[in-house]
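As the structure is a prediction and not an experimental result, all values here were calculated from the model. Naming convention: chains lettered A, B, ... in sequence-line order (proteins, then strands); numbering from 1 in each chain.
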Amino acid sequence: AQSVTQLDSQVPVFEEAPVELRCNYSSSVSVYLFWYVQYPNQGLQLLLKYLSGSTLVKGINGFEAEFNKSQTSFHLRKPSVHISDTAEYFCAVRRSDKLIFGTGTRLQVFP
Amino acid sequence: DAEITQSPRHKITETGRQVTLACHQTWNHNNMFWYRQDLGHGLRLIHYSYGVHDTNKGEVSDGYSVSRSNTEDLPLTLESAASSQTSVYFCASSAGYEQYFGPGTRLTVT
């Protein structure tokens, strides 16, 4: 069975600092991986996805993620965060047209 | 522009009452999903549908039901609301790899 682990429930960071949000998955078959962002009182919005091809995936708002098959990881990174990046971030793996979500990481950006 | 809407956005109800949450999408997607979001659990799948008259149970389906009479709508019904069903509910639709989410319904069962 596929599952997703987000190792950090909260990540505090100062504005303009780099950030990495960690995600590990378990799967014995090909994987499709996603990062979603949830701003306060809103639904989820797709940041980026890995389906195949290049292991470095670029998304919206300057975020990128790297698929690492040997480490079964799909960590999300941004070189310089803004206050507006404060949100909840969810990693997900696709299984039979359904998404299995991690428990989320709260990114808090301080001025 | 195509969109997915949910109503109501906020609902307070009493234990034992039947509650229906609406989900409407104009993407013309065949696949629709209901999730609940709880602190420490992320999003968990309640029910899903791959088309008209098709419904399937998800991870946490006990106490919930759905029906799909057309492509656009997938209402979620709580047969007899319980305090454990206090949560934020999200509807989503997809026609490929990406799921599109509604704004959510915050349900409080007192």
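When the shell of 6.0 Å around NZ of A/Lys98 is examined, it contains more than 12 heavy atoms from other residues, nucleotides or ligands.
Contacts of A/Gln6 with chain B are absent, with no heavy-atom separation under 4.5 Å from either backbone or side chain. Interface residue B/Gln37: only side-chain heavy atoms are found under 4.5 Å from chain A.
For residues 10-22 of chain B, heavy-atom neighbours of chain A at less than 4.5 Å comprise no residues at all. Contact annotation for residues 65-77 of chain B against chain A (heavy-atom separation below 4.5 Å): no residues qualify. The contact list for residues 47-56 of chain B toward chain A, using heavy atoms and a distance under 4.5 Å, reads B/Tyr48, B/Tyr50 by residue number. Contact residues of residues 99-110 of chain B toward chain A are B/Gln99, B/Phe101, B/Gly102, B/Pro103, B/Arg106 (heavy-atom distance under 4.5 Å).
A/Leu56 and A/Ile60 fall into different hydrophobic clusters, where Ile, Leu, Val, Met, Phe, Trp and Tyr residues are linked whenever their side-chain heavy atoms come under 4.5 Å apart, directly or through other members. Both A/Leu107 and A/Phe74 sit in one connected hydrophobic cluster of ILVMFWY residues. Membership requires side-chain heavy atoms under 4.5 Å apart, directly or through other members. B/Phe90 and A/Phe34 fall within a single hydrophobic cluster, where Ile, Leu, Val, Met, Phe, Trp and Tyr side chains are chained together by heavy-atom contacts under 4.5 Å. There is no path of hydrophobic side-chain contacts, each under 4.5 Å, that joins A/Leu7 to A/Tyr36. The hydrophobic cluster containing B/Val88 also contains A/Phe101, counting ILVMFWY residues as joined when their side-chain heavy atoms lie under 4.5 angstrom apart, directly or transitively.
Aromatic ring pairs are classed by plane angle as parallel below 30°, tilted from 30° to 60° and perpendicular above 60°; the pair A/Tyr32 and B/Tyr97 is tilted.
Atom-to-atom distance recorded for A/Ile100:CD1 and B/Arg44:CZ is 12.0 Å, nearest 0.5 angstrom. For the atom pair CD of B/Glu98 and CG of A/Leu99, the computed distance is 10.0 Å after rounding to the nearest 0.5 Å. Taking CG of B/Leu43 as the reference point, atom CD of A/Glu88 lies at 9.5 Å (rounded to 0.5 Å).
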